[in-house]
Number of protein chains: 2
Amino acid sequence: MQTNNTTEQQIIAAARKIFVQKGLAGARMQDIADEAGINKAMLHYYYRSKDKLFEIVFDEAVSQLLAGVNDIFEKDMPAREKIVAAVEHYITSLNKAPYLPLFVVHEISQNPERILQKFSNTALLPNMRMFLKELAVEMENGTMRKVDPWQLMVSLISMCVFPFVGRPLLQAIFQVNDKAFAKTMEDRKKFITDFVLTSLKP
Amino acid sequence: MQTNNTTEQQIIAAARKIFVQKGLAGARMQDIADEAGINKAMLHYYYRSKDKLFEIVFDEAVSQLLAGVNDIFEKDMPAREKIVAAVEHYITSLNKAPYLPLFVVHEISQNPERILQKFSNTALLPNMRMFLKELAVEMENGTMRKVDPWQLMVSLISMCVFPFVGRPLLQAIFQVNDKAFAKTMEDRKKFITDFVLTSLKP
DNA sequence: GTCTATAGGGTGATAGAC
DNA sequence: GTCTATCACCCTATAGAC
């Protein structure tokens with residue numbers, strides 16, 4: 001409770017940067033120590049092992065990635081407005097942490113049990129399920145064109161998230177620089193909502 | 001020219017499996033040797049170093065991922081039919097190699113120069129650029145609703161590729177098993193084309 | 001061409017002085 | 001709490017016998 005939690009936070013910040021950048025297998029404890037400007041032994045003093053440290057960073061990343069989404073679908077809004085809000089929220093959020101999705105997805109693929117058990121034991125994203133039902137009701141009422149709600153949901157996530165995951169590849173293919181890419185993602189909010197809502201017109 | 005190229009091919013096949021599964025940093029030469037059922041020293045005898053071996057596997061993966069796409073956009077077809085053909089081709093192709101996109105995207109993010117120079121020195125996907133212009137022409141003529149062709153292109157790629165990249169995450173969130181996922185991807189072909197073409201109606 | 005043995009350098013983790 | 005020194009192991013790569 002004196003000044004020590006500063007060091008702990010410095011370590012976490014450094015670990016976050018290195019792990020997200022290089023992944024669990026590619027990261028070195030020395031890299032993290034250098035980034036934090038401290039000694040390698042301190043990492044073990046505070047966090048015992050590389051795996052323990054990684055787990056903290058990873059869990060935090062998953063939370064950050066899902067944070068807010070559930071809240072949006074919980075609100076009392078028409079389905080169309082939830083779509084607009086979700087796209088706005090997601091792209092804004094990802095523009096601030098563009099490397100998170102690839103990090104999380106890669107580490108899950110390396111160790112699927114890690115997340116599967118984390119999700120299967122929880123009341124998982126119930127609001128998202130509710131949202132799928134709201135879509136189904138609108139389609140039944142004829143206020144929205146009938147499509148598979150699950151496929152629609154996956155498409156929304158895909159259109160928002162993939163450009164960040166595939167960013168280096170997209171920039172290479174279309175020869176877009178960093179500045180243009182960032183601007184394009186801002187424009188993309190309007191594109192996605194218009195594109196999707198137009199397709200869903202009854 | 002006797003029976004030796006068999007060993008080389010065995011090595012490549014093993015390296016492909018291990019590298020795609022674990023990535024460059026996570027893969028061990030011993031893993032590859034075990035997978036190929038040969039000795040670790042043989043890997044160096046045939047391919048000098050881990051990096052050389054990796055580069056072969058990686059280049060092959062990039063080619064496989066882009067193969068066919070250019071051809072489709074080259075054909076003499078209306079833009080709408082090219083969209084249908086591209087979605088059909090991409091999802092079929094990815095269903096056969098579902099882990100390729102994540103592998104390639106992750107390794108590019110670890111070493112962006114690797115692919116950037118590969119692309120910048122080539123006449124790159126000129127047919128895709130041509131396709132963007134075809135879309136622009138149709139929109140100008142009023143036979144297609146006006147949207148940003150680049151954003152449309154990125155959306156098509158996103159909707160096709162992302163489900164494979166985010167597969168473990170999607171399955172965890174929506175609690176879908178492997179069998180259901182595979183079927184869903186087949187259904188997705190029709191969903192995407194209908195969804196996109198509906199949105200593009202003038 | 002294929003194997004065993006080993007060099008040479010890194011890596012996570014700990015011991016122990018301060 | 002923080003550092004230096006070091007252990008024990010792992011990994012790539014090569015040397016050398018067959």
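Numbers restart at 1 for each chain; the letters A, B, ... are given by sequence-line order, proteins then strands. A quick note: this is a predicted structure, and the numbers were derived from the prediction, not measured.
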What is the distance, rounded to the nearest whole Å, between atom [atom1] of [X] and atom [atom2] of [N]?
X     : N      : atom1 : atom2 : value
A:L53 : C:dA13 : CG    : C1'   : 14 Å
B:K52 : D:dA13 : NZ    : C1'   : 15 Å
B:M42 : C:dT2  : CE    : P     : 4 Å
A:I38 : D:dC3  : CD1   : P     : 7 Å
B:L43 : D:dT12 : CG    : C1'   : 11 Å
A:F54 : C:dT11 : CZ    : C1'   : 17 Å

Flag the pair B:V87 / B:V196 as yes when at least one side-chain heavy-atom distance between them is below 4.5 Å, and no otherwise.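 Sidechains of B:V196 and B:V87: no contact.
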
Please list, chain by chain and in numerical order, all residues satisfying side-chain contact (heavy atoms from CB on, under 4.5 Å) with B:D76, sequence neighbours excluded.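 By the side-chain contact (heavy atoms from CB on, under 4.5 Å) rule, B:D76 matches no residue at all.
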
Under 3.5 Å, which donor-acceptor pairs do the side chains of residues 26-38 of chain B form with other protein atoms, sequence neighbours left out?
unit_1 : atom_1 : unit_2 : atom_2 : d
B:R28  : NH1    : B:A25  : O      : 3.2
B:Q30  : NE2    : B:D34  : OD1    : 2.9
B:D31  : OD2    : B:K22  : NZ     : 3.4
B:D31  : OD2    : B:R28  : N      : 3.3
B:E35  : OE2    : B:K17  : NZ     : 3.3

Run the salt-bridge test on A:R80 and A:E138 with the 4.0 Å N-O cut-off and return the result as yes or no.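 Salt bridge between A:R80 and A:E138, a charged N being under 4.0 Å from a carboxylate O: yes.
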
Can you see if the side chain of B:Y46 gets near the phosphate of C:dT2 - specifically, an N or O under 4.0 Å from OP1 or OP2?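 The answer is yes; a side-chain N or O of B:Y46 sits under 4.0 Å from OP1 or OP2.
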
Return the set of residues passing side-chain hydrogen bond (donor to acceptor under 3.5 Å, both in side chains) with B:D178 (not counting sequence neighbours), or none when no residue passes.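 B:D178 satisfies side-chain hydrogen bond (donor to acceptor under 3.5 Å, both in side chains) with B:Q171 only.
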
Who are the side-chain hydrogen bond (donor to acceptor under 3.5 Å, both in side chains) partners of A:E88, not counting sequence neighbours?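 Applying side-chain hydrogen bond (donor to acceptor under 3.5 Å, both in side chains) to A:E88 gives A:T92, A:K189.
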
Can you figure out which of [options] approaches the side chain of [X] most closely?
X     : options               : value
A:H44 : D:dT2, C:dG12, D:dA13 : C:dG12
B:K50 : C:dA13, C:dG1, D:dT12 : D:dT12
B:T7  : D:dA13, D:dC3, C:dT2  : C:dT2

Listed once per pair and sorted, the side-chain hydrogen bond (donor to acceptor under 3.5 Å, both in side chains) pairs that draw on residues 47-58 of chain B, sequence neighbours left out: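 Those involving residues 47-58 of chain B do not exist here.
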
Show me the pairs that pass side-chain hydrogen bond (donor to acceptor under 3.5 Å, both in side chains) and involve residues 154-165 of chain B, at least two apart or across chains.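 The answer is A:R188-B:S155.
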
Taking only heavy atoms on the protein side, list every residue of residues 27-36 of chain B lying under 4.0 Å from any atom of DNA chain D, sorted numerically.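 Here the set is B:A27, B:R28, B:M29.
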
Which residue pairs satisfy the ring-ring contact (aromatic ring centres under 6.0 Å, His included) criterion with at least one member in residues 12-36 of chain B, sequence neighbours excluded?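 Matches after skipping sequence neighbours: B:F19-B:F54.
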
Extract from the structure each pairing of a protein N or O with an N or O of nucleotides 4-9 of chain C at less than 3.5 Å, listing the distance.
unit_1 : atom_1 : unit_2 : atom_2 : d
C:dT4  : OP2    : B:N39  : ND2    : 3.1

